[in-house]
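Input: a single structure, listed below in C-alpha cells.
Heavy-atom basis, side chains included; hydrogens, waters and symmetry copies ignored.
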Amino acid sequence: MTEQAAINFPVSGHCDPQFTAVREAFAANFNEGLELGAGFAVYKDGKLVIDLIGGFSDRKTETPWKPDTIVPVFSSTKAIAAIVIAHLADQDKLGYNQAVSSFWPQFAANGKAAITIGDVLSHQAGLSGITDPNFTSADWYDWDKTCATLAAQKPIWELGSACGYHPVTYGYLAGEIAQRIDGRSLGTILREDFCEPLGIDFHIGLPKSEHDRCAYLGKPRQVPSLGEINPATKAAFMEKWSTSAGAGDITSWREMEIPSTNGHGTALALAKLMTVLIDGRIDGKVYLAEDILRDFKAARISGPNLVLPFDMTFGAGIMHNDPNYFYGPNIETVGHSGWGGSCLFADSKAGISAAYVMNSQSHHLLGDPRPVRLIKALYQCV
C-alpha cells in the first residue's frame, strides 16, 4: 500500500492518556502506508481504555471508517466460536472429554469414535480439509452435506500423533457440535446469549440488513509461505475445493454461518467478548465458571503444526501465546489470529483484552507486524 502513504488518513476514537503511545503507533501504521482502514480496542480491568478507528472503509478512500463499520475477521472467528462451546460446557450441556460420536453417531466412521470435543477444538481430529475429490467449492454452502462428508471421512493423521490447523472445517465441526447439543446454531447462540443482551456488534451469520456497513476488503499482494507441503496442508489449502472462493456471491457468504472464517464485527465488539477469558465475566455477568475457564484455556497439544509453518500450542479452540508471543510478553495470554492480519487476545495477568481489525489484508499467517506494533506499544504503557 505504499502508493497510499501520501493520503491523509483520519484517526479518531477514544484513547486514555496513559496509552498515547498506542494511538501514535496506530497512526504510524497509516502514515507508513500499511493500512487502508482499521480498528483497535482494549479493555483493562474491565474498563474500555482504547477504541481507535482510522482510515477508510472503501477502496477509493472517500468514506471514512466509522464506529459501526464492520469487517470479516476470518479465523479470529474461531476464538468466539470456542467461547460459545465453553458457554455450553458451563451449562453442563457438554464436556471437552466427551466423544463427538456420543451425540453425532455418524462421526464414528473410519476410526473417529474416540475423538473428543477437546480434540476437535484443538485441531487434533485429522480433518484439516476435505479429502473427497467429489466435493466442490459450492458444497461449503450446503451445511448438512459438508458435515456429513466430514463425519464419513477418514482422518488424515492418527489421533494423538499430531496437530494440524483446521482453517475451514473447524467451523463446521464446532457448529455441528453446538447445533446437536443445544438445538440452536452456533451463530444463534452467540447472538441470543451474548451479543443481543450485551449490545455487542459481532455476527456469525450476518443479516442482509447489515451488509451496507461492511468495509471493502483488499486482498494480500503476496502469497503466504505455508512451509513444507504435506497431505494435511494440501487438504486444508491447496485442493480446488479447499475453500468456497469463487463458488458463491458475497451476500451468500456473509449470511452463511461459518464459525471458522466469516464472523463480522468491530474491534470493540471482539475486545469486549474476549473479556470473558480474563475472569469468566462480560460486563459483570458470569458466563464461564472458574473450572470451565481453566479447562477451556488449558494446553491440549504443543509443538510443530502440520498445516501452518509454526510451533503452536492450543487450548480448546484458542492459541496460547507461548511459544511465539505474538500477543505481548505474558505466557498466560491466549488469543487467535485471522487471515489477513486480524487478531484478538486476553491476558489474565495484566487484565487486558484487545482486538485488531482491518480491511487491507497482508500475507502474514500469524504475527502481522501492524498489530504486533500496537501490542508492543500497549504493553510499554501498562
Side-chain angles (χ1 to χ4, degrees), residues 70 72-96 98 100 102-104 107 116-118 120-122 141 143-144 146-147 150 166 168-210 253-266 268-278 280-289 291-293 295-297 315-318 334 336 338 344 346 353 355:
I70 55 177
V73 297
F74 296 89
S75 285
S76 291
T77 309
K78 291 179 173 70
I80 307 305
I83 288 171
V84 172
I85 298 295
H87 173 54
L88 296 180
D90 186 76
Q91 296 176 322
D92 292 327
K93 293 183 177 181
L94 59 81
Y96 289 121
Q98 182 177 358
V100 175
S102 67
F103 54 87
W104 184 2
F107 192 80
T116 67
I117 294 172
V120 166
L121 297 176
S122 56
Y141 289 92
W143 182 273
D144 290 341
T146 301
C147 290
L150 288 168
H166 292 41
V168 181
T169 56
Y170 171 102
Y172 290 84
L173 295 168
E176 187 69 5
I177 288 168
Q179 178 82 41
R180 287 176 177 262
I181 289 291
D182 183 84
R184 296 175 290 168
S185 71
L186 193 148
T188 300
I189 299 167
L190 175 66
R191 183 181 70 252
E192 293 181 350
D193 293 8
F194 290 84
C195 294
E196 285 184 348
L198 297 170
I200 295 176
D201 191 10
F202 189 76
H203 315 261
I204 299 178
L206 185 69
K208 192 172 182 179
S209 60
E210 307 302 314
W253 183 76
R254 286 172 176 164
E255 291 182 320
M256 180 81 177
E257 285 190 25
I258 310 177
S260 49
T261 59
N262 78 337
H264 287 69
T266 65
L268 176 63
L270 288 168
K272 188 169 185 177
L273 283 166
M274 289 296 283
T275 61
V276 77
L277 296 187
I278 302 296
R281 295 174 171 84
I282 306 176
D283 279 353
K285 181 178 179 179
V286 177
Y287 278 94
L288 303 178
D291 60 329
I292 298 297
L293 183 59
D295 290 347
F296 176 19
K297 294 164 71 171
I318 202 80
V334 292
H336 216 290
L344 69 178
S353 69

message = Go through it in stages, so that I can follow the logic: the residues are Phe194 and Ile80, the test is side chain to side chain contact (heavy atoms under 4.5 Å, CB included), and I'd like the CA-CA distance, side-chain angles, deciding distance and then a yes or no.
response = CA-CA 11 Å; Phe194 290 84; Ile80 307 305; over 6 Å; no
Problem set entry | Candidate pair Val100 and Ile117, rule side chain to side chain contact (heavy atoms under 4.5 Å, CB included), full reasoning | CA-CA 6 Å; Val100 175; Ile117 294 172; 4.2 Å; yes
Item to complete: Please assess Asn262 against Arg254 for the test side chain to side chain contact (heavy atoms under 4.5 Å, CB included), listing each intermediate value before the final yes or no.
Response: CA-CA 7 Å; Asn262 78 337; Arg254 286 172 176 164; 5.7 Å; no
### Query
Where do Gln179 and Trp143 land on the side chain to side chain contact (heavy atoms under 4.5 Å, CB included) test, with the steps shown first?
CA-CA 11 Å; Gln179 178 82 41; Trp143 182 273; 5.7 Å; no
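Among residues two or more places apart in sequence or in another chain, the salt bridge (Lys or Arg N to Asp or Glu O under 4.0 Å) test is passed with Lys93 by Asp182. In this structure, His203 has no ring pair (Phe, Tyr, Trp, His ring centres under 6.0 Å) partners at least two apart in sequence or on a different chain. Contacts of Lys272 classified as salt bridge (Lys or Arg N to Asp or Glu O under 4.0 Å), with partners at least two apart in sequence or in another chain: Asp283.
Distance OH/Tyr141 to CD/Glu255: 10.5 Å, rounded to 0.5 Å. Rounding to the nearest 0.5 Å places CG of Leu273 at 7.5 Å from OG1 of Thr275.
The minimum heavy-atom distance between Ala316 and Ala82, with the atom names listed, is O-CB, 3.5 Å. Residues Ile85 and Ala174 share a closest heavy-atom pair of CD1-O, 3.7 Å. Here the shortest heavy-atom pairing between Ala269 and Ile200 reads CB-CG2, 3.6 Å. Glu176 and Cys147 make their closest contact through OE1-SG, 3.6 Å (heavy atoms, listed as atom of the first residue, atom of the second, distance). In terms of heavy atoms, Ala178 sits closest to Ile189 at CB-CD1, 4.2 Å. For the residue pair Pro197 and Arg191, the shortest heavy atom distance occurs at CD-O, 3.7 Å.
Formation of a donor-acceptor pair under 3.5 Å by the Tyr287 side chain with backbone atoms of Asp193 is found in this model. A side-chain donor-acceptor contact under 3.5 Å links Glu257 to the backbone of Gly187. Of the possible polar contacts, none joining the Asp90 side chain to the Ile292 backbone as a donor-acceptor pair under 3.5 Å is found. Under a 3.5 Å cut-off, the side chain of Tyr170 and the backbone N or O of Lys78 do form a donor-acceptor pair. The backbone N or O of Gly263 sits less than 3.5 Å from a side-chain atom of Thr77, completing a donor-acceptor pair. A distance-only check finds a donor-acceptor pair linking the side chain of Ser76 to the backbone of Gly338 [under 3.5 Å].
Of the residues Val276, Leu121, Ile83, the one that meets the side chain to side chain contact (heavy atoms under 4.5 Å, CB included) test with Phe296 is Ile83.
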